[in-house]
Amino acid sequence: MEHGSGPEPDVQQTVTGRIPLAVVVVDGAGLVSHWSTGARRLFGHAREEAVGRPAVDLLPVSGALPDEPRARGAYEDYDAYRDFGPDLEASLGGRTSYTAAGRARLGDPGPERIDVLWWAYPLVGPGPERLLVLAADVAGINADENGEEAGAVERIAPGFALHTEFDGADELARRLPEILPSMSVGESSRIVSQVLELGYPVLEFSQSDRVPVTPDWGVPRRAERRARRRAAQQGAAPQPRQMPDEPEDLEYAAVREHLEFLNEVSGRIGTSLDLSKTIVEVSRAVVPRFTDVAGTYLREQVVAGEGFPDGPPDATTMWHRVALEHTDEPGRWDDVVPVGESMPFPAHTPFFQCMTTGQPVLVPRISEEMGTKIAAQFEKRDIRPLINNRSMLVVPLKARNVVLGFMILLRHPERPVFNDMDRVTGAELAARAGLVLDNARMYTYQESVAETLQDSMLPHIAPRMAGCDIATRYLPGTLLGRVGGDWFDSVKLPGSRTALVVGDVMGHGLNSAAMMGQLRTAVQTMAALDLPPAQLLRNLDDLAQRLGENYLATCLYAVYDPIAGELQIANAGHIPPVVVRAEDGRSELLDLPTGAPIGVGGVPFETVRVPVEPGDRLVMCTDGLVEMRGEDIGVGLATLCESAAHPAASMDDACDTIIRALNTRGGRKDDVALLMARLNGVTRQDVAQWQLALDPREVGRARRLVRERLAAWDLQAVTENAELLVSELVTNAVRHAHGRHVELRLVRTDVLLCEVEDDDHTLPTLCSAGPADEAGRGLSVVERLAREWGASRTAAGKSVWFELGLPGRRR
């Protein structure tokens, strides 16, 4: 260790150097969470033995006996032996919020006992760690590098920035996480800033666990020791050691008070990820203990949950006043600076300086001139009586080196002005508040993104299709992951049929959601080809294998024919659907061949036909609804059947009944997709069907048949448009068909559906016809007059259809 030279005995000398330290971090339960190499050397326990054990069991030291000889060397007159145990327990129990220090003996009585200096620093802030313990072997500082007695050493302790110049702040910020578990580099950088301004212990940790030392504590000065020796030789009583000066006591008391305040504030903010609640918590945490007025401003984009450009703010940046807390009479501030107002801040204001530099700005007193400049931006509102002659502190709300906002803190004129200690405290408060606000902002933003993504991937299904009513529900597996691989869908098919599908991609999160989007699109495309259910799943399985080996999903695909009163269903590893019979209210799980999940490959699928009656309900869901951790899936399926059979006033009420019955049992971690269809059917009286020969004269016959049927149905209001559109579709079918006839069908539900089928596989396309063109205008007419129209391939050819709204019918 290095020494300063000692010219005169009575001249105080400053000696700095390095000593090996044992570094121990203890959590709130008194258990060791970090045990350094130096701790192993000093106390004899390996790290694997120490971590997780009670700290007081691993530090078996006791105070020196009154008649025990003191250690020789620089500490021969030192009389501050103390015991580790009580001070450690007091610090962990929260009974001390300041540094405890002492000297003790380690080991059994005898010449091999180790003389130890130790310090215990309470840790303030997030994380389980609550105490940092440093210890050093006295023998390491009793002699200098030449083996001479270190008599010039007056006081020894880990360095404090208030007493030491320390140039290693960047290195300290980088290395501090190595000894403080669960601490990020950003968090340690803020602690280093406290170290350099508040006097926390300055720690420079290298691989050998060494720290700077300064004459700050515990060792009698050389002049004082010599005076004691002379007094002893002359028989005089030695003078007691001088206590620290009163200003130093006040200084450390102020530091402790500010640390206690920061610790208290840290416990009061960040209790929620709700951005609005967090803003209120931050504002109320500082009034009235630290300030009398606290105004909080955030960037408009932060409040709106949007991103903002890189780089510092400028004079055009709009700041939204999100909170205002004060101790003045009610209403005094509300009219002048209302919450919710947005405004820029000119470059000449302290607010602009704070938000562009990212550093606190301290104004001991707001002068008349500054008050006038600040008030100029408030147009006709005179804010000067509220701010003039008050002490002001503007602190930035930063996170990840980005200024999200700032707080304007004001104290009444009769209260002490903000000082440098307040500035540092305000900066630390704002740093903690900035992180909390950023966490809430990011959570709100990610939640919005996740909901938007999920909404974009899940279809918005029409509540009514041909012959059936549909209701759906989607529930995310967790609040922190609102996107997943569960989906449902419905697709309109030729012949007034509807395809109903529910699927579940294995896994969670964005990858599963992206895969779900691909598979859902593929199902829609293949459904439009009117493939049988088993063939559709076969094609989907082939596609999943081409996309990648990790594409695995279960899927249930059903086609409902309301005219035939029949379901055609195929299953790919999915849980079976439930059918609730309208006749007696009985519910049953359909017994379907399970099949293998999509993506396994090489496993056949089978289509099952299930007859249904008008009023029956079909319930399809993913396994997240019925599977619970630690519970047999049969229990969930039984609950599903029971709740599905419960009478309900509407389809939405029926879905809610199922969700309540199954979602309140606890333990659900998976996403849930639920689709319920009430199979209303279409009666034979609401269907008219004809075969038309491939003869142009059949077009006139088609118009007559439609006119007569609509008159029988009392739908004369749509007859003219229906005749015209049927004429266009039949003309195209007769012109392009190859077989013997064309099918024409009218179906009356909530709308009038007209379908024309032929054996030509070429789908018609909408095109733009010129003045001299003889063809190409038919579909333009259909596009203009029909409520909705489309074309799809069938097994025999194609089907072209249109819908017309019916007066007085709900949709």
Side-chain angles (χ1 to χ4, degrees), residues 194 197-198 250-251 253-266 268-269 279-298 319 321-339 345 348-355 357-378 381-398 405-434:
Q194 294 178 352
E197 299 201 55
L198 289 180
L250 294 176
E251 180 181 47
V255 170
R256 289 198 301 271
E257 180 181 355
H258 281 250
L259 291 178
E260 290 172 356
F261 167 70
L262 288 173
N263 193 31
E264 177 186 331
V265 169
S266 297
R268 293 174 57 186
I269 64 176
I279 291 169
V280 173
E281 288 177 345
V282 170
S283 300
R284 292 180 177 175
V286 296
V287 178
R289 180 170 174 180
F290 186 70
T291 186
D292 299 304
V293 180
T296 305
Y297 292 77
L298 294 179
W319 300 90
R321 190 181 302 111
V322 294
L324 182 66
E325 291 291 328
H326 59 84
T327 59
D328 293 334
E329 58 270 20
R332 185 181 182 191
W333 288 80
D334 298 345
D335 295 334
V336 181
V337 284
V339 171
F345 287 91
H348 61 76
T349 62
F351 321 119
F352 184 85
Q353 180 184 349
C354 172
M355 68 191 187
T357 64
Q359 299 297 322
V361 176
L362 172 61
V363 180
R365 292 287 183 191
I366 298 179
S367 64
E368 293 286 340
E369 179 182 1
M370 177 177 288
T372 300
K373 290 182 178 179
I374 294 175
Q377 69 193 91
F378 286 86
R381 293 168 289 172
D382 190 1
I383 196 177
R384 289 176 295 179
L386 296 175
I387 62 175
N388 283 2
N389 203 33
R390 292 196 177 190
S391 182
M392 180 173 68
L393 179 62
V394 187
V395 292
L397 298 171
K398 294 193 303 183
F406 56 88
M407 294 184 71
I408 302 174
L409 309 177
L410 297 170
R411 282 182 177 174
H412 289 308
E414 62 271 13
R415 188 170 178 174
V417 300
F418 288 112
N419 55 28
D420 287 338
M421 182 70 75
D422 294 322
R423 180 176 61 84
V424 175
T425 302
E428 174 61 16
L429 166 68
R432 299 184 188 191

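Throughout, numbering of the chain's residues begins at 1 and tracks the sequence.
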Which atom of Leu393 lies closest to which atom of Val395, heavy atoms considered: CG-CG1, 3.8 Å

Flag side-chain contact, heavy atom, 4.5 Å: Met370 against Ile374: yes

Any residue meeting salt bridge (charged side-chain N to carboxylate O under 4.0 Å, His left out) with Asp328, in chain and number order, not counting sequence neighbours: Arg332, Arg390

Audit row: Ser391, His412, side-chain hydrogen bond (donor to acceptor under 3.5 Å, both in side chains) steps and yes/no: CA-CA 7 Å; Ser391 182; His412 289 308; over 6 Å; no

Phe418 and Phe290: CA distance, side-chain angles, deciding distance, side-chain contact (heavy atoms from CB on, under 4.5 Å) verdict: CA-CA 9 Å; Phe418 288 112; Phe290 186 70; 3.9 Å; yes

Partner set under ring pair (Phe, Tyr, Trp, His ring centres under 6.0 Å) for Phe351, not counting sequence neighbours: Phe345

Minimum side-chain heavy-atom gap Asp422-Arg411 below 4.5 Å: yes

Any residue meeting side-chain contact (heavy atoms from CB on, under 4.5 Å) with Val339, in chain and number order, not counting sequence neighbours: Leu324

Ile408 vs Met392, side-chain contact (heavy atoms from CB on, under 4.5 Å): CA-CA, chis, key distance, verdict: CA-CA 7 Å; Ile408 302 174; Met392 180 173 68; 4.0 Å; yes

Ala294: side-chain contact (heavy atoms from CB on, under 4.5 Å) partners, not counting sequence neighbours: Val286, Val287, Thr291, Met407, Leu409

Non-hydrogen side-chain atoms of Leu362 and Val394 separated by less than 4.5 Å: no

side-chain contact (heavy atoms from CB on, under 4.5 Å) evaluation trace for Val337 with Arg321: CA-CA 8 Å; Val337 284; Arg321 190 181 302 111; 3.7 Å; yes

Of all pairs that satisfy side-chain hydrogen bond (donor to acceptor under 3.5 Å, both in side chains), the ones with a partner from residues 357-369, not counting sequence neighbours: Glu368-Asn388

Results of side chain to side chain donor-acceptor pair (under 3.5 Å) for Thr349 - residues two or more places apart only: none

Stepwise side-chain contact (heavy atoms from CB on, under 4.5 Å) test for Ile366 and Asn389: CA-CA 5 Å; Ile366 298 179; Asn389 203 33; over 6 Å; no

